[in-house]
Amino acid sequence: MSKEPDYSFQDDAVSAISKAYSENKNGRYLVVIPTGGGKTRVAVRAVNKLFDDRVLHPKNDLVLW
């Protein structure tokens, strides 16, 4: 019986990114997650959260990937 991996750290990372960026839009941030840990998924979820929380605005802000 295989057990599903625990990726709850991704939720913590998304929250931390959102909080940090909300407090300082000009800051520099680094996310360290191991290979296969979901760095791309975390980044996309964080950007979506920033738009959902209206920290970023679709008409004014762009995301360069």
Side-chain angles (χ1 to χ4, degrees):
M1 179 184 273
S2 68
K3 186 177 178 182
E4 299 250 348
D6 178 15
Y7 289 107
S8 61
F9 64 88
Q10 291 180 353
D11 297 329
D12 297 335
V14 170
S15 294
I17 293 166
S18 178
K19 182 177 186 291
Y21 188 82
S22 295
E23 292 173 0
N24 182 6
K25 291 183 180 182
N26 294 318
R28 295 177 62 157
Y29 307 101
L30 175 67
V31 176
V32 179
I33 295 175
T35 302
K39 290 178 287 294
T40 300
R41 181 178 299 265
V42 166
V44 169
R45 286 180 55 204
V47 168
N48 283 336
K49 181 169 176 42
L50 290 168
F51 278 112
D52 289 345
D53 293 346
R54 301 193 193 298
V55 175
L56 295 176
H57 303 281
K59 291 185 178 182
N60 300 328
D61 296 310
L62 299 173
V63 175
L64 177 62
W65 190 268

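These numbers come from the heavy atoms of this one structure, side chains and all, not from hydrogens, waters or symmetry mates.
- Apart from L30 itself, the hydrophobic cluster it occupies contains V32, where clustering links Ile, Leu, Val, Met, Phe, Trp and Tyr at side-chain heavy-atom distances under 4.5 Å.
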Check: residues 50-57 side-chain donor-acceptor pairs under 3.5 Å, at least two apart:
from	atom 1	to	atom 2	distance (Å)
D53	OD2	K49	NZ	2.9
H57	NE2	R54	O	3.1

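- A search for side-chain hydrogen bond (donor to acceptor under 3.5 Å, both in side chains) contacts involving S8 returns D6, not counting sequence neighbours.
- Counting only residues at least two apart or in different chains, salt bridge (Lys or Arg N to Asp or Glu O under 4.0 Å) contacts with residues 37-48 comprise D11-R45.
- The nearest pair of heavy atoms linking G38 to I33 is N-CG2, 4.3 Å.
- Legend: side-chain hydrogen bond (donor to acceptor under 3.5 Å, both in side chains) pairs involving residues 12-21, not counting sequence neighbours, sorted by first then second residue: K19-E23.
- One hydrophobic cluster, built from ILVMFWY side chains closer than 4.5 Å, cannot hold both V47 and V31; they sit in different ones.
- Hydrophobic clustering keeps V44 apart from V63 (ILVMFWY residues linked when any side-chain heavy atoms are closer than 4.5 Å, directly or through intermediates).
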